[in-house]
Structure formats: structure tokens, C-alpha cells
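Each remark here refers to the structure printed beneath this line.
The residues of the chain are indexed from 1 along the displayed sequence. Every number for a ligand or one of its atoms is a count from 1 in the order of the listing. All figures in this text were calculated on a predicted structure; none of them were measured in a lab.
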Amino acid sequence: MSAHHELPIPPETSGDREAVVSWVSRYLGDLASGDPAAAPTRGGQSAADAALDSFDVTGYARRRNSVLPVQRRGASRLSAYIRHGLLTLPRVYEHVQGGPADDVEKFRDELLWQEYARHLYARLGTATRKSLRFAAREEHPPFTNPWDTDAACLQESWRELVDHGYLTNQARMWLASHWTVREGWGWRDGEDLFFRHLLDGSRAANRSGWQWTVGALTGKQYGFSRWQVRKRAPELCGRCPLSESCPIEDWPAEHPLEPRSMVDPRMRRDEDVEATAGPREPHIEGDAAAVWLTAESLGSEDPALVANPDLPAVFVFDEPLLRRLRLAYPRLVFLVETIAEIASARELRVFRGGVTETLGEVGPLAVTFAPVPGWRRLSKDLECTRVYPWPWLRRPHGGSITSFTAWSRSRGSRR
Ligand SMILES: Cc1cc2nc3c(=O)[nH]c(=O)nc-3n(C[C@H](O)[C@H](O)[C@H](O)COP(=O)(O)OP(=O)(O)OC[C@H]3O[C@@H](n4cnc5c(N)ncnc54)[C@H](O)[C@@H]3O)c2cc1C
């Protein structure tokens with residue numbers, strides 16, 4: 001394939017999803033991993049809006065950690081839409097207004113965890129690939145996939161990750177803990193495997209979730225044993241072929257983690273918080289030829305899209321990045337369904353290639369700031385004449401982010 005080229009607009013998703021799977025196979029298949037398939041969660045703004053409209057927060061606090069039966073789950077399953085900006089955190093936060101106080105508080109607290117993860121990543125960037133405060137094992141690849149066993153709790157969670165691109169928070173902690181705390185494999189490979197499959201996979205929340213579970217953030221490891229399965233998904237032990245010889249009957253051995261001798265000083269203080277948080281107001285330097293859409297912000301409320309209704313939009317499948325990541329088909333299908341719906345509402349051009357080479361030929365760009373290192377790196381080499389603020393739930397502050405509690409205490413202004 002040439003260095004970059006324009007792709008046909010993918011088919012609209014309201015009907016048969018096979019057409020989208022075929023489009024992905026044809027134009028991105030060499031960059032994908034696994035079987036050509038879609039996950040049950042559809043991409044696109046209308047699917048996101050429908051999921052939010054039908055989410056009722058009642059019972060969330062009590063049932064958030066339930067894994068099985070599925071009908072008992074209290075989790076919203078909104079994460080893929082939140083991840084790609086189809087639902088902004090402020091919008092989801094407002095949506096639950098008026099629900100039972102305990103449920104609203106618990107749910108909003110989880111949205112703040114998401115915001116905390118985003119702040120960590122915005123401030124530290126790729127440094128989050130290393131254990132931040134305690135020396136949890138990072139590099140030590142497994143010989144075989146430790147989740148692909150006969151134990152139903154691990155096997156069914158692994159299958160759900162692959163087939164649905166989703167896991168409850170509880171099951172994520174089970175798999176991450178089993179990988180590193182019990183089996184001793186380095187957490188980074190596990191994180192990469194999650195990232196490949198999760199429709200909501202983000203370096204911000206995935207890394208903070210792994211770091212938290214394996215003790216790299218707090219020094220305390222989350223232990224996973226049969227106890228949680230009996231409590232959160234009791235039916236699993238009933239159908240598990242290893243029920244009589246359960247490999248996770250007992251808690252994993254505790255291995256106290258050493259504090260890292262050199263903690264990144266940016267954990268305590270951000271000397272350039274304005275750069276971390278991005279512009280407060282639109283930064284307009286001139287005309288733009290197109291709105292550059294990034295995977296961080298694919299919603300119809302994307303500030304750059306809204307402010308420039310007459311400009312065409314442009315999306316680039318970043319070929320070198322995708323070649324490295326080898327995302328699973330369902331992730332790509334979700335993204336393609338999302339951009340197909342954008343194309344049904346306004347002019348959109350879709351490319352595959354290197355982002356800077358491709359967009360360099362499009363002309364000056366309007367774009368929404370994204371608090372991720374990839375955006376900073378790419379935008380430096382592009383002519384971004386109109387940059388719009390990121391829709392924070394809490395604007396980043398310059399104080400400590402060493403823990404969620406420290407982050408919450410440090411003074412921060414609401415939006
Ligand atoms: C090892 C591990 C890896 C994770 N990887 C990711 C990831 O790649 N992307 C991701 O968005 N979340 C990740 N999480 C956080 C959390 O598990 C998911 O956000 C949540 O399970 C998504 O399902 P939901 O939308 O049904 O959640 P709900 O319980 O309905 O929560 C609503 C929203 O709050 C946010 N949220 C909830 N719990 C957390 C949390 N612990 N940390 C951060 N945000 C949270 C999410 O945006 C979520 O959509 C990870 C957690 C762990 C332990």
C-alpha cells in the first residue's frame with residue numbers, strides 16, 4: 001500500500017453489521033488481529049445516546065461489582081462511548097442527577113476515577129508505562145496466556161474480553177491480579193492485551209487500572225481468589241471443571257513491593273499545568289480547511305466540529321500505530337461504525353497512512369485538544385490554526401496526583 005491514501009466512506013451501521021466487518025477486513029484487515037467480527041456494543045453517536053438514555057443509576061452502588069448473572073450487573077456499559085468522546089464525562093455526570101443519592105454519589109465517584117486517570121496520563125504521558133510509585137514487575141512475558149485455562153472464572157472472563165470487548169471492573173481486577181499478583185508475569189504485557197481487545201481501551205484508564213491492581217500506585221496488591229467468585233459470580237463455580245481442585249482457592253502469596261527510589265517529581269507537582277490541560281478558550285489563529293477528528297473525540301458534540309459546521313471533517317487511520325498495536329477486529333468495527341455515522345451527517349474524508357504526512361496535504365486544521373501524548377506529538381508537526389478546549393469534568397490542577405485521594409484533595413476548579 002502507498003504511504004497514505006483515501007478510503008471509501010464505510011457503510012452506515014443501522015442495518016447489517018456484516019457490511020462494516022467486511023469494510024474493516026478489506027481496508028484495515030492487515031492491521032487487525034483475531035477473527036473478523038463485531039462486539040455486541042455498536043459504535044456511533046445514536047447508539048451512545050440510546051445507551052445513555054436507557055441507563056438508570058438506581059441500584060448502581062449495590063450492584064456495580066456484580067459479575068454474574070448478567071441481569072444483576074449494575075455497571076452502565078457506557079465506557080466505550082466515554083472513551084471515544086461520544087459521551088463526555090460532564091454529560092454523563094449530569095445525566096444521573098436526581099437519582100438515589102447513594103447511587104449517584106458512587107457513580108459520579110467512578111467518573112472521577114476516569115478523570116483522575118486522564119489527568120495522570122495528561123501530565124505524565126508515556127511515563128505511565130512504568131510502575132509509578134512501587135516496583136511492581138513490569139517486564140516478564142507469560143509463556144502461555146494465564147487466563148486461557150479450564151478455570152471458569154478466568155476462561156469466561158477472557159472469552160468476554162475477546163468476544164465482547166468488555167469486562168466489568170471486577171473481572172478486570174480478577175484478570176489483572178491473576179496475571180501479575182498470582183502468576184508473577186509483568187503487568188505491561190497484560191495491559192497491552194487488554195488494550196488490544198477492550199472497546200474502551202485507553203492508555204489512561206487501562207494503565208492506571210493495572211497499576212492500581214498490581215500495587216504499583218499504592219504499594220498494596222489486589223488479591224484475587226475464589227472468595228470473590230463466590231460473592232460476585234456464584235454460578236461460575238457450579239459449572240467449573242476445576243471446582244474440586246480450584247487453582248485460586250486460596251489468596252495469592254503476598255509480596256511486599258518496594259517503593260521506587262526515584263518517583264517522577266511530576267507526580268507531586270505540575271510546573272506547566274496549562275500545557276497539560278490545554279486551552280481554556282478556542283485558540284484561533286486563522287482559517288482552516290478541515291476539522292481533524294481524533295479517536296479521543298468522535299462525538300457529535302466535538303467542540304471543533306460544532307464550531308466549524310461548514311468544514312469537511314477528516315479522520316486518519318494511523319497506519320504505523322495500528323500496525324504496532326494490532327487491535328482486535330471488534331475495536332476497529334466500533335470505530336468504523338462511529339465514523340460512518342459522522343459521514344452520514346456531514347462531509348467526511350477517511351484516510352489510511354501516517355497522520356502528519358496525510359494531514360499535511362489537507363491544509364490548515366481545526367481540532368479539539370486531546371490530553372494524550374500522541375496528540376501533542378502529531379499536532380506539533382501540523383498546521384493547527386484553530387484549537388478547541390477539551391471538555392474536562394475537572395480542569396487539571398498543578399498539585400499532587402500521587403493517589404486518587406491526594407488528587408481529589410488538591411484544589412481543582414470544576415470545568
Ligand atoms: C486492570 C483494569 C484495566 C482497566 N482498563 C480500562 C480502560 O482501558 N478503559 C476504561 O475506560 N476503563 C478501564 N478500567 C476502569 C473500569 O474497569 C472501566 O471503566 C469500567 O469497568 C467500564 O465499564 P462500565 O462503563 O460498565 O463502568 P461503570 O461502572 O458503569 O462506570 C461508569 C464509567 O465510570 C468510569 N469508571 C468506572 N470505574 C472506573 C475505574 N476504576 N477507573 C477509571 N474509570 C472508571 C468509566 O468511564 C465508566 O464507563 C480498568 C480497570 C482495571 C482494574
- Partners of Val181 by side chain to side chain contact (heavy atoms under 4.5 Å, CB included), sequence neighbours excluded? Ser177, Gln221, Pro252
- Sequence neighbours excluded, the answer for ring pair (Phe, Tyr, Trp, His ring centres under 6.0 Å) partners of Trp174 is Phe224
- Quick one: ring pair (Phe, Tyr, Trp, His ring centres under 6.0 Å) pairs with a partner in residues 28-61, sequence neighbours left out? Phe55-Phe107, Tyr60-Phe107
- Query: Protein residues near ligand 1, heavy-atom distance below 4.0 Å?
  - Reply: Tyr60, Arg64, Ala75, Ser76, Arg77, Leu78, Ser79, Ile82, Phe107, Glu110, Leu111, Trp113, Gln114, Tyr166, Leu167, Thr168, Asn169, Arg172, Met173, Ala176, Phe194, Leu198, Asp200, Gly201, Ser202, Ala205, Asn206, Gly209, Trp210, Thr213
- In terms of side-chain geometry, is the basic nitrogen of Arg395 or Glu274 positioned less than 4.0 Å from the acidic oxygen of its partner? yes
- Query: Donor-acceptor pair, Glu156 side chain versus Cys153 backbone, under 3.5 Å?
  - Reply: no
- Cation-pi geometry met for Arg172 and Tyr166 (6.0 Å, 45°): yes
